[in-house]
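Below you'll find the structure, written out as structure tokens, and then a few comments.
The structure displayed is predicted, hence computed values, not measured ones.
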Amino acid sequence: MSKKALITGVTGQDGSYLVEFLLNKGYEVCGFIRRKSSDPFSNFDDPNISSKIKIAYGNLRDEETIERLFETFIPDEIYNLAAQSHVGVSFLCPEESWDVNFKGLERLVRYAVLKNPKVKIYQASTSEMFGASNPPQNENTVFDPVSPYAESKLKAHQDIVLKYRNEKKVFICSGILFNHESPRRGKQFVTRKITFGLSKIKLGLQEYLELGNLDAKRDWGFAGDYVELMWQMLQQEVPSDYVIATGEMYSVRDFVNKVSDYLDLPITWEGSGVDEVGKDSSGNIIIKVNRNLYRPTETSDLCGDSTKAQKELGWQPKVGINELVKKMVDFDLIEAESFKKKIEHINSLRK
């Protein structure tokens with residue numbers, strides 16, 4: 001009999017890769033999602049993915065929908081990927097971040113354990129919990145969160161994951177994932193904002209791109225690599241927490257340079273701080289800094305040490321940053337070209 005897996009946040013970047021991975025493993029998958037007016041599965045390569053899984057509509061903020069979920073589907077494994085995951089938004093909506101990221105996990109775990117005490121649970125934690133701690137960060141680094149998002153995730157880790165595991169002997173673990181990106185990343189996140197924005201600039205669809213702190217440094221990996229670790233964590237005999245990262249750190253400016261180089265759109269940087277600009281070969285400003293895009297409080301540089309995962313799980317990232325950039329830009333160029341053709345068609349009809 002195949003295993004049953006529940007994925008919250010199944011239509012997000014990580015959820016989309018994970019559901020494909022688990023289906024290939026022969027799992028019966030249920031996706032717990034919020035109801036939307038648009039197609040929630042537009043992120044997937046397989047247009048028929050929704051017919052291959054069970055769908056349960058609900059919200060981690062709504063206890064009744066969680067209770068109803070476990071009346072109809074009792075999983076062997078749960079992957080909690082649902083979250084208010086945008087750090088910047090968490091400063092504007094701290095209560096929502098708290099209710100979804102912390103209280104939502106508490107509701108989910110409580111009902112899951114009632115129905116199946118042997119359930120194995122993966123919690124998507126985050127490198128943002130390290131906050132002001134100095135790199136490299138690993139499982140023993142002191143947490144020092146500096147955003148409502150990070151605070152809510154740390155509360156979930158300490159008060160739900162650790163307590164249920166240590167006091168109630170539930171198999172639950174945290175994946176402390178550092179930044180992981182892909183063509184399926186939302187355009188509101190900086191890496192996708194860069195790859196899509198510069199692709200449109202390359203095609204003449206946009207004059208310039210506004211960014212925040214160009215000096216912020218992050219450890220960027222490929223989301224498709226990281227979901228395999230989520231699964232591996234739940235296959236162990238004993239639950240544990242793992243830092244997942246590439247161990248390489250680049251600034252936002254570095255990421256812009258890699259994208260512009262791949263697009264053959266060389267950038268020359270001038271100025272500093274909020275007055276810094278990036279110019280193309282003709283001297284046109286194509287990158288501007290907007291102070292409003294800075295976070296109210298910025299984390300320290302984030303660079304993960306995944307030695308534990310490498311030793312205990314045998315994991316190594318397959319996709320480096322250059323290949324990651326290629327994957328994202330190739331995808332966004334196609335989307336930008338499609339957008340350009342639509343504009344040209346509309347303009348031709350107006351003539």
- Should Arg165 and Asp241 be marked as a salt bridge (charged side-chain N to carboxylate O under 4.0 Å, His left out) after you check the CA-CA gap, both sets of side-chain angles, and the distance that decides it? CA-CA 11 Å; Arg165 186 168 71 207; Asp241 306 319; 2.9 Å; yes

- Task: If the plane angle is over 60° it's perpendicular, under 30° parallel, otherwise tilted; pick one for His86 and Phe189.
- Result: tilted

- Message: Centroid separation under 6.0 Å, is that true for the rings of Tyr226 and Trp315?
- Response: yes

- Message: Going by the rule ring-ring contact (aromatic ring centres under 6.0 Å, His included), which residues pair with Phe143 if we only count those two or more places apart in sequence or in a different chain?
- Response: Phe130, His157

- Message: Under 4.0 Å between a side-chain nitrogen and a carboxylate oxygen: does that hold for Arg110 and Glu63?
- Response: yes

- Query: Taking it one step at a time, do Lys3 and Glu77 satisfy salt bridge (charged side-chain N to carboxylate O under 4.0 Å, His left out)?
  - Reply: CA-CA 8 Å; Lys3 286 185 178 180; Glu77 298 174 2; 3.5 Å; yes

- Message: Under a 3.5 Å distance rule, please check whether Arg61 uses its side chain to pair with a backbone N or O of Val100 as donor and acceptor.
- Response: no

- Contacts of type side chain to side chain contact (heavy atoms under 4.5 Å, CB included), residue Leu92, not counting sequence neighbours: none

- Answer yes or no: does atom OH of Tyr294 have more than 12 heavy-atom neighbours from other residues, nucleotides or ligands under 6.0 Å? yes

- Query: When you look at NZ of Lys326, are more than 12 heavy atoms from neighbouring residues, nucleotides or ligands closer to it than 6.0 Å?
  - Reply: no

- Given the rule in the salt bridge (charged side-chain N to carboxylate O under 4.0 Å, His left out) test, do Arg184 and Asp14 qualify, once you have shown the distances and angles that lead to the verdict? CA-CA 9 Å; Arg184 301 178 186 179; Asp14 292 5; over 6 Å; no

- Write out all pairs satisfying salt bridge (charged side-chain N to carboxylate O under 4.0 Å, His left out) with one or both partners inside residues 115-125, taking only residues at least two apart or from two chains. Glu71-Lys115

- Message: Under the criterion side-chain contact (heavy atoms from CB on, under 4.5 Å), I'd like the reasoning laid out for Leu69 against Tyr111: C-alpha separation, chi angles, the key distance, then a yes or no.
- Response: CA-CA 9 Å; Leu69 165 67; Tyr111 281 103; over 6 Å; no

- Item | Asn48 side chain to Ser51 backbone, donor-acceptor under 3.5 Å | no

- Query: With no hydrogens and no angle check, is any side-chain donor or acceptor of Ser133 less than 3.5 Å from a backbone partner on Val142?
  - Reply: yes

- Query: Taking everything shown except Lys217 itself, do over 12 heavy atoms lie less than 6.0 Å from its NZ?
  - Reply: no

- ring-ring contact (aromatic ring centres under 6.0 Å, His included) between Tyr250 and Trp220, intermediate numbers included: CA-CA 8 Å; Tyr250 298 90; Trp220 280 300; 7.4 Å; no

- Note on the structure: Residue set satisfying ring-ring contact (aromatic ring centres under 6.0 Å, His included) with Phe32, at least two apart, ordered chain then number -> none

- How about Ser182 and Gln13: does a side-chain donor come under 3.5 Å of a side-chain acceptor? yes

- Around Asp264, counting heavy atoms of other residues, nucleotides and ligands shown, do more than 12 lie under 6.0 Å from its CG? no

- Okay, side chain of Glu228, backbone of Gly224: is any donor-acceptor separation there less than 3.5 Å? no

- Item | For Arg107, salt bridge (charged side-chain N to carboxylate O under 4.0 Å, His left out) partners two or more places apart | Asp99

- Strictly by modelled atom types, are Ser152 and Asn101 linked by a side-chain donor-acceptor pair under 3.5 Å? yes

- Message: Checking the side chain of Glu139 only, and the main-chain atoms of Val243 only, is there a donor and an acceptor separated by less than 3.5 Å?
- Response: yes

- Message: Pairing donors with acceptors under 3.5 angstrom, does anything connect the side chains of Ser174 and Ser125?
- Response: yes

- Message: Under 6.0 Å from the ring centre and within 45 degrees of the ring axis: does the NZ or CZ of Lys327 meet both conditions for the six-membered ring of Phe222?
- Response: yes

- Message: If we count only N and O atoms by modelled type, under 3.5 Å, do the side chains of Thr8 and Asn80 hold a donor and an acceptor together?
- Response: yes

- So salt bridge (charged side-chain N to carboxylate O under 4.0 Å, His left out) across residues 281-303, not counting sequence neighbours, yields Glu128-Arg295, Arg218-Glu298, Arg295-Glu298

- Query: Does a donor on one side chain and an acceptor on the other come within less than 3.5 Å for Asp219 and Thr246?
  - Reply: yes

- Message: For the residue pair Asn322 / Lys258, report whether a side-chain donor-acceptor contact shorter than 3.5 Å exists.
- Response: yes

